[in-house]
Amino acid sequence: MLNPNLKLNTKLFDVDVEKKPTRAGFGTGLLALGKKDKNVVGLCADLTESTQMNLFADAFPERFFQVGVAEQNMAAVAAGLGVTGKTAFISSYATFSPGKNWETIRTTIVYNKANVKIAGHHSGIMTGPDGATHQATEDIAITRCWPGIEVYVPCDAIEAEKATIASAKTQKPVYLRYSRDKTPLITTADTPFEVGKLQDFWVSENPQVTIFATGYMLYYALVAAKELEDEGINTIAVNVATIKPLDSNEVLKFTNQTSAVVTVEDHQITGGMGSAIAESLAKTNPLPIEFVGMQDVFGETGTPAQLLKKYKMNPEAIKEAVKRVIRRKR
Amino acid sequence: MNSNQLKDLKLKANEIRRLIIEALDGANHNTGSGHTGGPLGMADVFAALYFNFMKHDPQNPDDPDRDRLLLSNGHICAVLYSSLALSGYFPTSELKTFRGFETRLQGHPHRGVLPGLENTSGPLGEGLSQAIGIALARDIDKKTYTVYCATSDGEHQEGNIWEAVMLAGKLKINNLIQIIDFNNIQIDGPVDKTMPLEPFRAKYESFNWHVIDIDGNDMKEIVDAISQAKEIKDKPVIIIARTIPGKGVSFMEGDYRWHGMPPGLKDVSGAPPKDEQVAVAFKEIEEERKKIIMGKA
Ligand SMILES: Cc1ncc(C[n+]2csc(CCOP(=O)(O)OP(=O)(O)O)c2C)c(N)n1
Ligand SMILES: [Mg+2]
């Protein structure tokens, strides 16, 4: 069942569950930050509305900078702002930022210790019709490898707002991952959010498998967990809202009872959240793991539902992965 | 070029516009997405390239001696797909699969999945460099084909473009013709407000390019410009095609909101109701066709 202590959306499994894109939470979160702190500034590269930075830009035109289609320049300008007392948010599609401007961010923001938050939008194959060029499926891998950065991947628009606001509490650079399509609201305003903490959104008695999911894929993991329970397979489903920092004790805590793991993400399985969990467990509690995500292939054009099915990331595929990993249990 | 040939090219451009609307109508049904403004604006340039200037054979798309067209601003691929289909690279009926599931007509062009595509694009600012690379390989191989590269004004805000401009100027690359869709729109609004590019000609001249500045929706000016560009032997050439985004569909012309929207998706102020947008677009394009035939356009 859904963890009753976390005040999750009780209508989550209804057919008419409320949906919003996580980018909406970026928009409202940044606006709230802007109201609270006049040192918050925003930069965008010709995607102001699409990335929802327009809310901030309209409210604080003097603290918003339209840099044109120029992601490298945007990153380095933000670095300058970030070392001069500002909390700078840069916003674009993740394939372009932190994709195209990767080394600029590495040097001028991360290594340079600039207070910059990188908002990467259109993550994963859920981006849909634009095709592989616009579907960021490597962004977690290429950011979490940077020493000194934090990486947040909110599961819904409500958590996205909290994650955005939380990112300004640290002086460190933070990578924030958002998505384009509307996805179900899993949490409520009262659901706790804490950087570095994992939360078991689905709990059951004598669980056999721990499912770690990140971002909006958590919804599909929860659907799978519920359907598996009906089939007599008990699981825990954990929300990995912050991939870095990742506390190995937290990972241990949720795998102690189960002894098999499935990871679920809309990202390449090489280097993403699943890899981070595997790295952690390899040191503390080596277990069989199945990785649900993009299996070393690029995406393509289609609707999110068509693509999730084809690339074996829908609830059916997650259920199969759980059954596979059970067979592998020693 | 005589007036009959000019008329034929105008008819080709008109047919490309019709196919663009067909493709986008398909994209709207498939995934509720697509870009319209840029493709319609560039239909005249693409008609001149594919139906007059380019040496190419749809039956032999890998001919090593073919002229190449690289599309740098990949989001306007509806005009490229329509030109390729009309040339015979694949059936025009396939255009309606645009942006659908498992289509060869990906949302942004993917080289290798569809015949006639010379590069993969979508992320802006990367096409001109690839065109230079192809021209360099051509020169090593002592071949003589022309490399064309279509770019856009918005993407000239990418530093990568200017790195390429500098290199082509330094190497005095010959037989490299860039045609920029200078339509003064990008996603967030007019280019001259978002990030101005003017004075544009002077920038290119200072990088040692030959510059030709034309009305990119005037077929005669387009034909004259490309003919002239092919005569320039000691420099790369840029044709600044000043186009009207959405050209040929009155309710889209000049309006940046049609950058990334297919007809039929939404009700928009100043446009017909969404259910009528496609029909109105086809009707206006058909009226234009009649005018061209009667010599009135
Ligand atoms: C590197 C990169 N950054 C951002 C984008 C998102 N984007 C797609 S089109 C576009 C506007 C480009 O302007 P232009 O090519 O002039 O657009 P058009 O005239 O076709 O409307 C932007 C910012 C992109 N495709 N690539
Ligand atoms: Mg433009």
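Here is the naming used below: chain letters follow the sequence lines, and residue numbers restart at 1 for every chain.
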| task | Pick one of side chain, backbone, both or neither for Thr303(A), based on which atoms fall under 4.5 Å of a heavy atom in chain B. | result | both
| said: Can you tell me which of Glu155(B), Arg99(B), Met195(B) forms the most heavy-atom pairs within a distance under 4.5 Å of chain A? | reply: Arg99(B)
| message | Could you check whether atom NZ of Lys182(A) has more than 12 heavy atoms from other residues, nucleotides or ligands sitting under 6.0 Å from it? | response | no
| remark: Answer key: most heavy-atom pairs under 4.5 Å with chain A among Asp188(B), Thr31(B), Thr103(B) is Asp188(B)
| field | Segment of Ser121(B) engaging chain A (4.5 angstrom heavy-atom cut-off) | value | backbone
| field | Neighbour count above 12 (heavy atom, 6.0 Å) for Glu49(A) CD | value | no
| message | With chain A as the partner, which of His156(B), His35(B), Gln157(B) has the greatest number of non-hydrogen pairs under 4.5 Å? | response | Gln157(B)
| message | Using a 4.5 angstrom heavy-atom cutoff, name the option from Leu47(A), Val67(A), Val69(A) with the most pairs to chain B. | response | Val69(A)
| query | Any idea which of Gly74(B), Gly125(B), Gly260(B), Gly107(B) has the most non-hydrogen atom pairs under 4.5 angstrom with chain A? | reply | Gly107(B)
| Student check: side-chain heavy atoms of Lys310(A) and Glu102(B) closer than 4.5 Å | yes
| query | Is there side-chain contact between His110(B) and Glu300(A), with at least one heavy-atom pair below 4.5 Å? | reply | no
| said: Just by distance, no angles: are the side chains of Thr194(B) and Gln66(A) close enough, under 3.5 Å, to form a donor-acceptor pair? | reply: no
| request: Sort His75(B) into side chain, backbone, both or neither according to what part of it lies under 4.5 angstrom from a heavy atom of chain A. | output: neither
| request: Apply the test side chain to side chain contact (heavy atoms under 4.5 Å, CB included) to residues Leu307(A) and Phe101(B): give CA-CA distance (whole Å), side-chain angles for both, the deciding distance (0.1 Å), then the verdict. | output: CA-CA 8 Å; Leu307(A) 299 177; Phe101(B) 185 48; 4.0 Å; yes
| Is it true that atom CZ of Arg242(B) has more than 12 heavy atoms of other residues, nucleotides or ligands lying nearer than 6.0 Å? | yes
| note | Closest heavy-atom pair, Leu124(B) versus Lys100(A), reported as atoms and distance to 0.1 Å, is O-NZ, 3.2 Å
| field | Distance in Å, Asp46(A) CG paired with Ile187(B) CD1, rounded so as to fall on 0.5 Å steps | value | 5.0 Å
| remark: Rounded to the nearest 0.5 Å, the CZ atom of Phe298(A) sits from the CD atom of Gln106(B) at a distance of 12.5 Å
| Checking heavy atoms, do the side chain of Glu126(B), its backbone, both or neither come under 4.5 Å from chain A? | side chain
| So which bits of residues 124-135 of chain A come within less than 4.5 Å of chain B, counting non-hydrogen atoms only? | Pro129(A), Asp130(A), Gly131(A), Thr133(A), His134(A)
| field | Proximal component of Ser33(B), with respect to chain A [non-hydrogen, under 4.5 Å] | value | side chain
| task | Mark yes when over 12 heavy atoms from residues, nucleotides or ligands other than Arg111(B) sit less than 6.0 Å from its CZ; otherwise mark no. | result | no
